[in-house]
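A single structure is presented below for examination.
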Protein chains: 2
Amino acid sequence: MNEDSFLKCIVDSNRRRILMFVGQGEKCVTELVELTGMEQSLVSHHLRSLRDCGLVRSRRHGKKILYNTSSSDIVDLLSRIREVADSVKELAEGRECV
Amino acid sequence: MNEDSFLKCIVDSNRRRILMFVGQGEKCVTELVELTGMEQSLVSHHLRSLRDCGLVRSRRHGKKILYNTSSSDIVDLLSRIREVADSVKELAEGRECV
DNA sequence: CACACATATAAATACACATTCATATTATGT
DNA sequence: ACATAATATGAATGTGTATTTATATGTGTG
């Protein structure tokens with residue numbers, strides 16, 4: 001049930017991009033809008049999903065709300081996923097020749 | 001682009017179940033139907049997705065077609081994902097009290 | 001208090017995709 | 001060659017969900 005919502009959350013590439021950015025340090029929504037090029041409301045929606053899953057945390061700082069990852073494990077896992085995806089891709093392409 | 005299709009493939013819990021079963025050793029479609037309780041056509045559809053992504057391989061053995069994982073990294077990654085999901089869940093639940 | 005800035009939310013739309021149902025393909029044994 | 005077993009495919013359906021548009025909420029400042 002939980003692994004499921006976790007994966008549903010990181011399957012979206014826009015949410016993964018947000019995760020990578022906040023993984024490099026606290027960011028406010030406006031910064032994320034600029035970094036990603038997405039609409040503000042879309043960023044907010046995704047941040048909501050990420051927070052509901054426990055993938056990011058937020059704190060208020062004046063008018064702004066700062067977001068960061070709840071755990072560094074998450075960013076590590078994302079790169080591990082990319083590694084495995086790449087190696088699987090190579091295997092699959094090697095097989096095409098057969 | 002590729003990380004994306006990889007994640008889209010493992011986000012489905014039925015495909016993850018299939019992956020876990022074939023990760024324990026070669027299985028034919030009929031076995032997977034019995035193990036998972038899914039309809040035969042559904043298993044076939046999912047196996048197709050998994051094969052298109054390079055996550056499983058198949059070979060013919062008589063009437064049957066045997067499937068297995070293309071790499072043991074995949075099963076390892078699935079358990080790693082479960083670990084991180086669990087730890088994130090704990091963090092999130094700890095935060096609820098605040 | 002009123003205004004501007006920062007963020008969140010709600011409803012509407014569009015689209016992807018899992019599942020089902022029906023049917024096709026391929027192989028084996030007699 | 002035929003019947004049956006094993007698997008695959010195609011079309012139809014339904015459901016979930018990302019994105020957009022519009023609006024609301026909250027916060028500091030003059």
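Throughout, a chain's letter reflects where its sequence line sits, starting with A, and its residues are numbered from 1. Hydrogens, waters and symmetry mates are skipped; everything else that's a heavy atom, side chains included, is used.
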R17(A), CZ: over 12 other non-hydrogen atoms inside 6.0 angstrom: yes
How close or far is atom P of dC17(C) from atom CG of D52(B), stated in whole angstroms?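 Answer to the nearest Å: 13 Å.
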Closest nucleotide among dC21(C), dT7(C), dT20(D) to the E39(A) side chain: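 Minimum distance to the E39(A) side chain belongs to dT20(D).
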Does OP1 or OP2 of dA27(C) have a side-chain N or O of H61(B) closer than 4.0 Å?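 Answer is no, no contact under 4.0 Å.
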Hey, is the side chain of Q40(B) pairing donor to acceptor with the base of dA8(D) inside 3.5 Å?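 Indeed, a donor on one side and an acceptor on the other fall under 3.5 Å apart.
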Could you check which of dT19(D), dT28(C), dT7(D) has an atom nearest any side-chain atom of L42(A)?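 For the L42(A) side chain, the nearest candidate turns out to be dT19(D).
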Can you tell if the side chain of L78(A) reaches within under 4.5 Å of the side chain of R82(A), non-hydrogen atoms only?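 Side-chain contact under 4.5 Å: no.
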Where the side chain of T30(A) is defined as all heavy atoms beyond and including C-beta, which of dT7(C), dA27(C), dG28(D) is the nearest nucleotide?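 Of the candidates, dT7(C) comes closest.
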Could you grab the distance from atom CG of D73(B) to atom OG of S87(A), nearest 0.5 Å is fine?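 The OG atom of S87(A) is 5.0 Å from CG of D73(B), to the nearest 0.5 Å.
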Using a cut-off of strictly less than 4.0 Å, decide whether S41(B) has a side-chain nitrogen or oxygen near OP1 or OP2 of dT19(C).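 Indeed not, no polar side-chain atom of S41(B) lies that close.
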Rounded interatomic separation in angstrom, taking CZ from R16(B) and P from dA18(C):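 Nearest whole value for this atom pair: 12 Å.
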For I65(B) and V11(A), take the nucleotide of DNA chain D holding the closest heavy atom to each; which residue's nucleotide lies nearer the 5' end? I65(B)
DNA chain D: 5'-proximal contact among H46(A) and V43(B) (nearest heavy atom):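 Its nucleotide being nearer the 5' end, the pick is V43(B).
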Between dC17(C) (P) and I10(B) (CD1): distance, integer Å: 15 Å
Can you check whether I65(B)'s main-chain N or O pairs, donor with acceptor, with R59(B)'s side chain at less than 3.5 Å?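 Looks like no, no N/O pair under 3.5 Å.
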Quickly work out the I18(B) CD1 to dA18(C) P distance and round it to whole Å. 11 Å
Round to the nearest Å and state the distance from K64(A) atom NZ to dG26(D) atom P. 20 Å
Looking at dA18(C), I'd like to know if its phosphate oxygens (OP1 or OP2) sit under 4.0 Å from a side-chain N or O belonging to R15(B).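 Affirmative; the distance criterion is met.
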Value in whole Å for how far the C1' atom of dC17(C) lies from CZ of R48(B):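 The distance from CZ of R48(B) to C1' of dC17(C) comes to 15 Å, rounded to the nearest Å.
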Does N14(B) have a side-chain nitrogen or oxygen under 4.0 Å from the phosphate oxygens OP1 or OP2 of dA18(C)?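 So the side chain of N14(B) is outside the cut-off, no N or O lying under 4.0 Å from OP1 or OP2 of dA18(C).
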Is H45(A) stacked on the base of dT19(D) when the test is centres under 5.5 angstrom and planes under 30 degrees? no
Would one find a side-chain N or O of Y67(A) under 4.0 angstrom from OP1 or OP2 of dA8(C)?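 The answer is yes; a side-chain N or O of Y67(A) sits under 4.0 Å from OP1 or OP2.
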Between P on dT9(C) and CG on L47(A), what's the gap in Å once rounded to a whole number? 11 Å
Could you state the atom-to-atom distance from CD of E31(B) to P of dA6(D) in whole Å?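 From E31(B) CD to dA6(D) P: 11 Å.
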Measuring from N14(B):CG to L32(B):CG, what's the distance to the nearest 0.5 Å? 11.5 Å
